[in-house]
Amino acid sequence: MGPAPAGEQLCGAIGEPEVMEPALEGTGKEGKKASSRKRTLAEPPAKGLLQPVKLSRAELYKDPTNEELNHLRETEILFHSSLLRLQVEELLKEVRLSEKKKDRIDAFLREVNQRVVRVPSVPETELTDQAWLPAGVRVPLHQVPYAVKGCFRFLPPAQVTVVGSYLLGTCIRPDINVDVALTMPREILQDKDGLNQRYFRKRALYLAHLAHHLAQDPLFGSVCFSYTNGCHLKPSLLLRPRGKDERLVTVRLHPCPPPDFFRPCRLLPTKNNVRSAWYRGQSPAGDGSPEPPTPHYNTWVLQDTALESHLQLLSTMLGSAQGLKDGVALLKVWLRQRELDKGQGGFTGFLVSMLVVFLVSTHKIHTTMSGYQVLRSVLQFLATTDLTVNGISLCLNSDPSLPALADFHQAFSVVFLDSSGRLNLCADVTASTYHQVQYEARLSMTLLDSRADDGFQLLLMTPKPMIRAFDHVLHLHPLSRLQAACHRLKLWPELQDNGGDYVSAALGPLTTLLEQGLGTRLKLLAHSRPPVPEWGISQDPPKHKDSGSLTLGLLLRPEGLTSVLELGPEADQPEAAKFRQFWGFRSELRRFQDGAIREAVVWEAASMSQKRLIPHQVVTHLLALHTDIPETCVHYVGGPLDALIQGLKQASSTKGRMVMSRGGELVMVPNVEAILEDFAVLGEGLVQTVEARSERWTV
């Protein structure tokens, strides 16, 4: 056979000990087999294959270290099982950005910065004189009314700052958005720009000029507009790289004023900054009546002034605490799976980040906590704290000139103040949305405390759209009908405050109306507004009626759901007039068995399936009576299985029995085969119904 190669000899000398077979006599086949086995065992292991680690007896049975003991103890106490800890860690690995992608994003951000500061200036003109705009770009704002005072000129931004979750390391895949604040020079702005949408007009013109020049740059594969959190007064410019990195990142440009430009006392929730005479096109009233406050309008201006201060606060609290960052990432996944962060008024990832900061400042969360601990603490806080009743604040200043929490509760449904004490972070969040967040948090805490085997799957991996979460769902379409509802409900101050957004103006009174009408039948009412899609720089911004449909979800109580009677006050009570006004022609006087004569409403429902759909009658009646929304505009989805079950009952009445002869007499007996066939058809129908309403979300 000859000597072994030098490489094999070296490997045998310094590698693993060579395994020798017993010497065999003769040179036959057995000897050849032994020699072949010897060479195989002596060869080095193949590259790229994992080899078993050989430990000595002392290493194998040595005592665990303090770190290993702490890890095991933490797993037992906090995660209930090692499997849950592994699942959470693997999820975080999936949603985090890799270092390679961060380097590519940083390189793209440097290119964006260089191009933004080189955009040429524009001489000063009147705000209404927009002839200087190129033909290929449109102003991303509905300028209604068009006439407004003020001048505008374009100058490159005084400062370009990356803000948001990207710098903090809390952004999650698959959609990576990087927010960039462009601080406009003071020369562009004037003292009274806070009045009558002047600041928002200048902001939109600033973006339009930027869009025209950046769209001509070959670096960008896509340049378009979008609304910031659904607010139609605050568009942003979206930039995406060209080529294979087009889906890598979306950079969102947000023009903002210098931090100390606007006087904070003029932007309090009790102040008015949209004059009724300008907005309605009427001469000012001479009766001396006060102007209605514009809290949402004022908040949108304040949000732009606080971008950098919020970033500094988040960086201070979350900068070196990896557990807090992991907790924020898990909370964002939790919100996304339930679609609670979508559309205008959603409970966004920024809000949960600030909520983590609040809990850290109140010592309910420690910076050494793990991500799972942060998730549990925040869900526990949401489940037990009603911000619609008792607001919270990050402000530690006891300045008497600052407004009280009660002032914010009068202007907003949900109150969570930032560190300045003047800005409500939850200004756009409705009471219905927050109650939905509370309900989901309570369900999640119950799931975590139950230590179910599939708890992680249900909590963070299973999508829960509105069609799954609620018993009945209704869609209002077209949205233009809500404009008539605003006129019917006389919501002029709300329209003035929301800049003409009749969907936002009517949403609060609409949900209050339905909650009052459904009464004890209703456990939870929530709404969902689809995000407004992006649009090209050469297109007009989408109108309010073009944003799809308004979806309302009803979670019903079994108790009282099938009652056909709405019992009102006695006829001689003062509340009887309000009851008749609320229910309209449906209300009538009825005498009951105890001799009382009361106002009452009786709904038509003969079968049990019709009784389960009484909420449909309530909703359509109230919307038509109080908001002029006809039944044809209400697309109601409820009881989808009733028709299937009713069809099976009718079929079973004919084939569920059969005639047999017993003792010379014909008797009716159950047809077991037919009944089993009905159950099989019912099962298939249930599966098809669930699959038709299922969605899948991948991280």
Side-chain angles (χ1 to χ4, degrees), residues 227-232 295-296 299-300 303 331-355 358 378-379 381-392 408-409 411-417 423-444 463-476 479 482 494 497-498 501-516 518 522-532 544 547-556:
Y227 287 142
T228 303
N229 295 328
C231 177
H232 70 286
H296 290 89
T299 298
W300 293 332
Q303 285 173 351
L331 286 165
K332 288 184 177 181
V333 174
W334 183 81
L335 290 172
R336 181 176 296 182
Q337 293 288 48
R338 287 151 184 79
E339 298 183 354
L340 296 173
D341 59 341
K342 291 187 176 180
Q344 183 176 4
F347 206 81
T348 62
F350 169 71
L351 289 179
V352 295
S353 300
M354 297 298 285
L355 189 57
F358 171 78
V378 173
L379 292 180
F381 178 82
L382 290 173
T384 57
T385 308
D386 191 355
L387 298 184
T388 63
V389 179
N390 299 312
I392 57 177
F408 286 93
H409 276 292
F412 304 103
S413 300
V414 187
V415 177
F416 177 20
L417 304 185
L423 172 59
N424 182 18
L425 301 173
C426 292
D428 295 329
V429 180
T430 63
S432 299
T433 299
Y434 185 76
H435 288 152
Q436 185 185 2
V437 173
Q438 270 197 303
Y439 176 75
E440 292 293 342
R442 285 194 290 267
L443 290 182
S444 299
K464 193 178 181 182
M466 184 167 284
I467 195 67
R468 286 185 180 179
F470 292 90
D471 299 317
H472 293 181
V473 175
L474 60 113
H475 308 276
L476 298 182
L479 289 178
L482 293 177
E494 287 78 4
D497 184 23
N498 288 277
D501 184 0
Y502 47 81
V503 180
S504 298
L507 190 55
L510 196 68
T511 54
T512 303
L513 175 70
L514 296 183
E515 287 174 350
Q516 182 180 353
L518 292 170
L522 185 67
K523 184 176 183 179
L524 177 67
L525 185 147
H527 58 81
S528 174
R529 294 181 61 179
V532 180
H544 306 302
S547 58
S549 61
L550 176 63
T551 303
L552 301 176
L554 308 179
L555 191 63
L556 304 172

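- Atom CG of Leu351 is separated from atom NZ of Lys332 by 11.0 Å, given to the nearest 0.5 angstrom.
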- Run the side chain to side chain contact (heavy atoms under 4.5 Å, CB included) check on Trp334 and Val378 step by step: do they pass? CA-CA 11 Å; Trp334 183 81; Val378 173; over 6 Å; no
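- Remark: Asp428 engages His296, Trp300, Gln303 in a side chain to side chain contact (heavy atoms under 4.5 Å, CB included) (not counting sequence neighbours).
- For His409 (side chain) and Gly391 (main-chain N/O), a donor-acceptor pair under 3.5 Å exists by modelled atom type.
- Atom OG of Ser432 and atom CG of Leu507 lie 7.0 Å apart (nearest 0.5 Å).
- When side chains are defined from C-beta on, Arg338 counts as touching Ser444, because their heavy atoms get closer than 4.5 Å.
- Taking Lys464 as the reference, Glu440 meet the salt bridge (charged side-chain N to carboxylate O under 4.0 Å, His left out) condition, with sequence neighbours excluded.
- At a threshold of 4.5 Å between non-hydrogen side-chain atoms, the residues Leu510 and Leu476 count as touching.
- The two residues Met354 and Phe416 come nearest to each other via the heavy atoms O-CZ, 3.6 Å.
- Between Leu556 and His472, some side-chain heavy-atom pair lies under the 4.5 Å cut-off.
- Across Met466 and Gly553, no two heavy atoms sit closer than the pair SD-N, 3.8 Å.
- Residues Leu554 and Asp471 fail the side-chain proximity criterion, which asks for heavy atoms closer than 4.5 Å.
- For the atom pair Thr551 OG1 and Leu474 CG, the distance stands at 8.0 Å (nearest 0.5 Å).
- Among all heavy-atom pairs drawn from Gln438 and Leu382, the shortest one is CG-O, 3.1 Å.
- Side-chain contact between Phe412 and Pro295: present, with at least one pair of heavy atoms (C-beta onward) separated by less than 4.5 Å.
- For Thr348 against Leu335, the heavy-atom pair with the smallest separation is O-CD1, 4.0 Å.
- Exactly one of Val437, Leu425, Asn424, Leu387 qualifies for a side chain to side chain contact (heavy atoms under 4.5 Å, CB included) with Val414. That residue is Leu387.
- The shortest distance between side-chain heavy atoms of Asn390 and Thr385 does not fall below 4.5 Å.
- Two residues are said to be in side-chain contact when any heavy atoms from C-beta on lie closer than 4.5 Å; His435 and Asp386 meet this criterion.
- Of the candidates Ser504, Pro531, Pro530, Ser504 is the only one forming a side chain to side chain contact (heavy atoms under 4.5 Å, CB included) with Gln344.
- For the atom pair CD1 (Ile392) and CG (Leu355), the distance works out to 5.5 Å, reported to the nearest 0.5 Å.
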- Evaluate the side chain to side chain contact (heavy atoms under 4.5 Å, CB included) criterion for residues Phe470 and Leu555: first the C-alpha distance (whole Å), next the side-chain angles of each, then the deciding distance (0.1 Å), finally the verdict. CA-CA 5 Å; Phe470 292 90; Leu555 191 63; 3.8 Å; yes
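- Remark: Leu340 CG to Gln436 CD distance equals 5.0 Å, nearest 0.5 Å.
- Taking both residues in full, the closest heavy atoms of Pro463 and Arg468 are given as O-NH1, 2.7 Å, listed atom of the first, atom of the second, then distance.
- With contacts defined as side-chain heavy-atom distances shorter than 4.5 Å, the pair Cys426/Tyr434 does not qualify.
- Judged as a side chain to side chain contact (heavy atoms under 4.5 Å, CB included), and not counting sequence neighbours, the contacts of Thr433 are Val429, Thr430, His527.
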